[in-house]
Amino acid sequence: MKLQIADLEFEPLIPYEQIQQRVAELAQHINTDFEGKTPIFVGILNGSFMFASDLVKEVTVPCEVTFTKLASYFGGLSQTRTIRDDFDLHVTIEGKDVILVEDIVDTGNTLKYLIEKLLVRNPASITVCSLLFKPDSVIHSIEELKYVAFQIPNVFVVGYGLDYQELGRNLRGIYKKID
Ligand SMILES: O=P(O)(O)OC[C@H]1O[C@H](OP(=O)(O)OP(=O)(O)O)[C@H](O)[C@@H]1O
Ligand code: HPA
């Protein structure tokens, strides 16, 4: 089934049921790895809102949940160099095990910026959990990236939180741009 979003056409890549299955599996890994700890999940808005919500519902260790907001794509297909720091964390992370929740790691630029910013606040640890990862697009490799639901090729995707021109975030599945 093809989908028109603004001026582009998209086709299905990952169905909702498969996403739910992988999200539950990632949460199980986190439950095992963080047993005896109380991690703080930090969702990176806007894109991560759906993934973060589904992920923490499957987490059984005690945890905090908060958000920060960064943007560099401004609705388009490619990122701008400037990262707009829209809102910061409003809780302290000193001594805490931070799990950053991303919808996608593409060039790695957003996470590089955020991790450098957060490290000076002396967290006990920083780990990244991302729904999608494009290994062929990486410019800054992120050693903190430990949990990935799906590795995808270097194609532009929308759905399940991800947008094109701010549209498509509400789609249940993930769709890729047709060339
Ligand atoms: O690895 P990178 O190349 O930095 O790309 C990944 C980032 O780009 C997207 O954010 P975007 O700037 O589109 O903002 P949004 O989350 O509000 O859509 C996405 O949500 C990630 O945060
Ligand atoms: O493929 C993508 N789709 C939507 N937003 C993004 N931000 C980085 N990569 C992408």
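Counting convention: from 1, in listed order, for ligands and their atoms alike.
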Can any side-chain N or O of [X] pair as donor or acceptor with the backbone N or O of [Y] at less than 3.5 Å?
X: Ser53; Y: Phe49; result: no
X: Lys134; Y: Val155; result: yes
X: Glu144; Y: Lys146; result: no
X: Asp163; Y: Gly168; result: no
X: Arg22; Y: Val148; result: yes

What's the shortest distance from [atom] to any protein heavy atom, and which residue and atom give it?
atom: atom 1 (O) of ligand 2; value: Lys134 NZ, 2.9 Å
atom: atom 3 (N) of ligand 2; value: Val157 O, 2.5 Å
atom: atom 8 (C) of ligand 2; value: Tyr73 CZ, 3.3 Å

> Just by distance, with hydrogens left out, do Ser48 and Asp103 show a side-chain donor and acceptor under 3.5 Å apart?
Replying inline: no

> Between Asp33 and Tyr147, do the side chains contain an N or O donor and an N or O acceptor separated by less than 3.5 Å?
Replying inline: yes

>> Rounded at 0.5 Å granularity, tell me how far CZ in Phe51 sits from SG in Cys129.
In response: 4.0 Å

>> Minimum distance, heavy atoms only, to atom 10 (C) of ligand 2: which one of Thr110, Asp106, Val105 is it?
In response: Asp106

>> Using heavy-atom distances only, which candidate in Leu162, Asn109, Leu77 approaches atom 5 (N) of ligand 2 most closely?
In response: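 Checking each option, the heavy atom nearest atom 5 (N) of ligand 2 is found in Leu162.
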
>> Students should find this: residues with any non-hydrogen atom under 4.0 Å from ligand 1. What is the answer?
In response: Leu45, Asn46, Gly47, Leu70, Ala71, Ser72, Tyr73, Gln79, Glu102, Asp103, Ile104, Val105, Asp106, Thr107, Gly108, Asn109, Thr110, Asp163, Arg169

> Which pair of heavy atoms, one from Ser137 and one from Asp106, lies closest together, and at what distance?
Replying inline: CB-OD1, 3.1 Å

> Of all the heavy atoms in Val158, does at least one lie under 4.0 Å from an atom in ligand 2?
Replying inline: no

